> 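Before anything else, here's the structure in question.
Bear in mind the structure is a predicted one, so any value in this text is a computation, not a measurement.
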Amino acid sequence: MNVLFRKSLNSIALLFRYAPGLTILKLLQTGVSAALAPLSIYFTQRMIDTAAGIIKDGGGWNGLALWVGLLLCAMLFSSAGGGFLNGILYIAIRRRLNIGMTPDIVGKFKRLDYACFEDKDVQDTLERMSRDPQDKVFQLFLTILGVMECMIGVAGGALIYAQAGWWFVAGFAALLVPMIWLDFKAADMMNTMFNEQSADERKMRYLGGLLSHKSSLFELRIFRAGEYVAKKWRALAHTVMDTRVKTTLHAQKYFLISTILFKCWSFFIVISLIASVVSGDITIGLFTALIASTGAVLGNADMLSHTVQNLRRRYLLMEHYHKFMSLPEIRHGGESLTGEPPHIVFENVTFAYPKTDVNVLKGVSFEVRRGKRVALVGENGAGKTTVIKLLCGLYKPDGGHILINGKDIQALDAAALRRVFSVVFQDFCKYELTLRENVAFGDLSKLHDDGALQDALEMGLARGIAELDTPLGKLEENGVDVSGGQWQRIAVARACLPGSAFVILDEPTASLDPVAESSMYHSFAKVLKNRGCIMVSHRLASARMADKIVVLSGGIVSETGGHDELMSSGGLYARMYESQSAWYAKGGAGA
Ligand code: ADP
């Protein structure tokens, strides 16, 4: 309970940071609205008793007017506070959270250390933070208010009971505790089941997605594997539903006992109160108030166990929020680069991915002279993409140095690094926005510079795919669906736009056919002029046009040199090249 209380204060403090005045107002409005329910019962009690007094003894009209007035005020405030004010505060706080919290979360995403995105332990946190976290924080606050409301309702009811004697309060508490425990147990059972089923539900969603998404459905039909996937989905759905039915039946038993207790207590109250009112021990007003309070208080007690359960579930989101906000951020140095074109040196670089102990790079050394075209080749898993990620500063080397004009890249500021490299990864992004935006994301200062955008499209061999302002993809009604190869060309155009000293292509051409890839690299060689290029391709025909080829193998650079030089030395490159040439000669589709 202590932890729940501390965490409640934490989340109220978080909301207070973004909307201090509104949070106080909402707390006040909730507190007053919750207190008005027992107060209204009390005012009714006094009104009835005063009216009974007037009938019996006459006079006392002022007293009656006072209780009627107070009851009317309470009812008016209840409807205004519960409806109108509540609605206004809801929207206003939600808006403040959107304005204040969204940029903080987006900013944190931008600053996150890249390694976080690859860490499976933080994947769930990142996924939750990308799905409307402001709303979840707000829902948590509303749940806390819900608990507060129930507690005020129960306390108010206890005060009304106290008028009938403290034995009444004690009896009520003796019933309430097991009732809340039973409800809590039932709700806990249901929650645990939902939590345990979340992995199966994710799997079900995935399998369902396979059966409804265009690309997978198409492939599944061709392979006639659709029925297999559907069967798997059905089996999982059966297991999930069976468990759900069993647990619900089990939980309902607890709810049933709790309801029986409630009914017995109500029956006992009615009987004993009728006796008391007949014998004149209590007034008719108090009798009415006690009956009304019984329903209200037990309703609140029932709600309490549900809202506390909800609270426990929603706190998980807060844990994710705090975990997210404390994730490590990228640290860039503050040094800039001087005007001369960059010269890159990899010096004995070693690297293992976080949470692994396998050294992917075991002392990689090579250099890229300014304006040169370098091809990074090697077998799958040799570490080519890893080299590119280190070069872009996405990870830090464990040993050795990566130097640009003699300066360690970790000492450079982010803007300086961006002027050196722009990169297209294999899994580049397809933005379902206009073609203009797709290209301009490379350098947003050129968003309206049609000439520069067209030049970039030219370099990526993407000219003529669509008009600049045509939306791509299916999001917009007039959107144009472009092919995988066309998306790749657009991604290359995006990387060409910023005019960085080097363009890095990490096999973005994988879904182009070998002839188109070769033609793209040729056009590239022409348009790059004095800009350098680092390309990764497993098709060695493309590597041929590079000034220098760096061959990675076993975590080190096993060979470097020009195509002819490497061919005549007869090493790994020559063997790979010859096996690919033989494959081409046999008519294989793409090396
Ligand atoms: P290449 O680009 O040459 O095919 P990569 O650089 O992608 O090779 O991968 C080199 C090695 O590092 C592979 O064994 C791969 O499994 C491993 N690896 C790649 N990314 C990760 C990662 N995020 N976490 C752990 N290991 C990784």
> Is a side-chain donor or acceptor of R494 paired with a backbone partner of C429 at a separation under 3.5 angstrom?
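Looks like yes, one N/O pair under 3.5 Å.
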
> Checking L14 against R17 for the side chain to side chain contact (heavy atoms under 4.5 Å, CB included) test, could you report, in this order, the C-alpha distance in whole Å, the side-chain angles of both residues, the deciding distance, and whether it holds?
CA-CA 5 Å; L14 179 69; R17 197 162 87 213; 4.0 Å; yes

> Please identify each residue that fulfils side-chain contact (heavy atoms from CB on, under 4.5 Å) with Q139, with sequence neighbours left out.
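Result, side-chain contact (heavy atoms from CB on, under 4.5 Å) vs Q139: Y90, D135, L142, R314.
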
> Got a list of side-chain donor-acceptor pairs under 3.5 Å for residues 374-387, not counting sequence neighbours?
from	atom 1	to	atom 2	distance (Å)
K384	NZ	G378	O	2.9
K384	NZ	E379	O	3.1
T385	OG1	D506	OD1	3.4
T385	OG1	D506	OD2	2.9
T386	OG1	Y353	OH	2.9

> Counting C-beta onward and ignoring hydrogens, is there a side-chain heavy-atom pair between K108 and E329 closer than 4.5 Å?
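K108 reaches E329 side chain to side chain.
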
> Check whether any side-chain N or O of D398 sits under 3.5 Å from a backbone N or O of A352 as a donor-acceptor pair, and report yes or no.
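Checking the backbone N and O of A352 against the side chain of D398, a donor-acceptor pair under 3.5 Å is found.
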
> Can you see which heavy atom on F502 is nearest to which on P342, and at what distance?
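So the two residues come closest at CE1-O, 3.8 Å.
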
> Do L552 and V557 have side-chain heavy atoms sitting under 4.5 Å apart?
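Side-chain contact under 4.5 Å: yes.
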
> Answer yes or no: is there a donor N or O on one side and an acceptor on the other, between the side chain of S579 and the main chain of M576, under 3.5 Å?
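Looks like yes, one N/O pair under 3.5 Å.
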
> Please list, chain by chain and in numerical order, all residues satisfying side chain to side chain donor-acceptor pair (under 3.5 Å) with E201, sequence neighbours excluded.
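Counting only residues at least two positions away or on another chain, E201 forms a side chain to side chain donor-acceptor pair (under 3.5 Å) with R244.
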
> Do you know which two heavy atoms are closest between I504 and C392, and how far apart they sit?
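So the two residues come closest at CD1-SG, 4.2 Å.
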
> Taking the side chain as everything from C-beta on, heavy atoms only, tell me whether F16 gets closer than 4.5 Å to I24.
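Yes - at least one pair of side-chain heavy atoms lies under 4.5 Å apart.
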
> Side-chain contact test, heavy atoms from C-beta onward, threshold under 4.5 Å: evaluate it for V420 versus I409 and give yes or no.
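Of all side-chain heavy-atom pairs linking I409 with V420, none is under 4.5 Å.
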
> Could you tell me the separation between the OH atom of Y18 and the OG1 atom of T23, rounded to the nearest 0.5 Å?
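That separation rounds to 12.0 Å.
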
> Between N438 and W487, is any pair of side-chain heavy atoms under 4.5 Å apart?
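In contact.
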
> Which residues satisfy the ring pair (Phe, Tyr, Trp, His ring centres under 6.0 Å) test with H563, sequence neighbours excluded?
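Checked H563 against ring pair (Phe, Tyr, Trp, His ring centres under 6.0 Å); matches are Y573, Y577.
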
> Output the distance between atom CD1 (I402) and atom NZ (K396), rounded to the nearest 0.5 Å.
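Reported value, rounded in 0.5 Å steps: 12.0 Å.
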
> Answer yes or no: is there a donor N or O on one side and an acceptor on the other, between the side chain of D413 and the main chain of A416, under 3.5 Å?
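Confirmed, D413 side chain pairs with A416 backbone.
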
> For the side chain to side chain contact (heavy atoms under 4.5 Å, CB included) test, which of T470, I465, D469 pairs with E467?
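Checked T470, I465, D469 against E467; only one passes side chain to side chain contact (heavy atoms under 4.5 Å, CB included): T470.
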
> Before you tell me yes or no, could you show the steps for R463 and R489 under side chain to side chain contact (heavy atoms under 4.5 Å, CB included), namely the whole-Å CA-CA distance, both residues' side-chain angles and the distance that decides it to 0.1 Å?
CA-CA 9 Å; R463 214 168 177 153; R489 291 164 196 241; over 6 Å; no

> Tell me if a side-chain donor or acceptor on R370 pairs with a main-chain N or O of G532 at a distance below 3.5 Å.
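Flag not set: sc R370 to bb G532 has no pair under 3.5 Å.
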
> I need the minimum non-hydrogen distance between F351 and P397, along with the two atoms involved.
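What the structure gives for the nearest pair is CD1-CA, 4.2 Å.
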
> Closest approach of V503 and R531, non-hydrogen atoms and distance?
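Closest approach of V503 to R531, heavy atoms only: CG2-NH2, 3.5 Å.
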
> Run through R221, R234, K232 and flag the one making a salt bridge (charged side-chain N to carboxylate O under 4.0 Å, His left out) with E227.
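When R221, R234, K232 are each tested with E227, the salt bridge (charged side-chain N to carboxylate O under 4.0 Å, His left out) holds only for R234.
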
> Considering non-hydrogen atoms only, spot the tightest contact between L447 and A440 and give its length.
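So the two residues come closest at CD1-CB, 3.5 Å.
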
> Using side-chain heavy atoms (C-beta onward) and a distance below 4.5 Å, is M459 in contact with V492?
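Contact flag for M459/V492 side chains = no.
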
> For a quick test of reading the model, state the closest non-hydrogen atom pair linking R96 to L22 and the distance between them.
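Scanning both residues completely, I find the closest heavy atoms to be CG-CD1, 3.8 Å.
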
> Is it the case that the side chain of Q134 and the backbone of L97 share a donor-acceptor pair, with hydrogens and angles ignored and the cut-off at 3.5 Å?
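Such a contact is absent between Q134 side chain and L97 backbone.
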
> Go through the structure and list residues passing ring pair (Phe, Tyr, Trp, His ring centres under 6.0 Å) with F441, not counting sequence neighbours.
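Here the qualifying residues are Y431.
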
> Using side-chain heavy atoms (C-beta onward) and a distance below 4.5 Å, is E367 in contact with H343?
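With C-beta onward as the side chain, the pair touches.
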
> Starting at CG of L361, measure out to CD1 of I556 and round the result to the nearest 0.5 Å.
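If I round to the nearest 0.5 Å, the distance is 11.0 Å.
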
> Could you tell me if the side chain of Y321 sits less than 4.5 Å from the side chain of L140, heavy atoms only?
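They are not in contact (no side-chain heavy atoms under 4.5 Å apart), so the answer is no.
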
> Give the C-alpha distance, both sets of side-chain angles, the deciding distance and a yes or no for salt bridge (Lys or Arg N to Asp or Glu O under 4.0 Å) between K430 and E432.
CA-CA 6 Å; K430 299 167 184 170; E432 299 218 356; over 6 Å; no

> Would you mind listing every salt bridge (charged side-chain N to carboxylate O under 4.0 Å, His left out) that reaches into residues 400-412, with sequence neighbours excluded?
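Applying salt bridge (charged side-chain N to carboxylate O under 4.0 Å, His left out) to every pair that reaches into residues 400-412, excluding sequence neighbours, yields E335-K407.
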
> Could you please spell out the steps behind the side chain to side chain contact (heavy atoms under 4.5 Å, CB included) verdict for I404 and L417?
CA-CA 9 Å; I404 299 179; L417 210 55; 4.0 Å; yes

> Could you tell me the separation between the CG atom of D200 and the OG1 atom of T239, rounded to the nearest 0.5 Å?
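Reported to 0.5 Å precision, the distance equals 7.0 Å.
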
> Taking atom NZ of K323 as the centre, report whether more than 12 heavy atoms of other residues, nucleotides or ligands fall under 6.0 Å from it.
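Result for NZ/K323: enclosed.
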
> Just checking H401: does its NE2 atom have more than 12 heavy atoms from other residues, nucleotides or ligands closer to it than 6.0 angstrom?
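Atom NE2 in H401 is not crowded, with 12 or fewer foreign heavy atoms closer than 6.0 Å.
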
> State the CG-CD1 distance between N86 and I91, to the nearest 0.5 angstrom.
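Answer rounded to 0.5 Å: 10.5 Å.
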
> Can you tell me how far CD1 of I388 sits from OH of Y395, rounded to the nearest 0.5 angstrom?
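Here the interatomic distance stands at 14.0 Å.
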
> Before you tell me yes or no, could you show the steps for E437 and T434 under side-chain hydrogen bond (donor to acceptor under 3.5 Å, both in side chains), namely the whole-Å CA-CA distance, both residues' side-chain angles and the distance that decides it to 0.1 Å?
CA-CA 5 Å; E437 289 164 314; T434 60; 2.9 Å; yes

> Mark yes or no for whether S422, through its side chain, and S500, through its backbone, hold a donor-acceptor pair below 3.5 Å.
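Between the backbone of S500 and the side chain of S422 there is no qualifying donor-acceptor contact (under 3.5 Å).
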
> Does L126 form a side chain to side chain contact (heavy atoms under 4.5 Å, CB included) with L112? I'd like the steps, not just the answer.
CA-CA 10 Å; L126 294 176; L112 274 187; 3.6 Å; yes

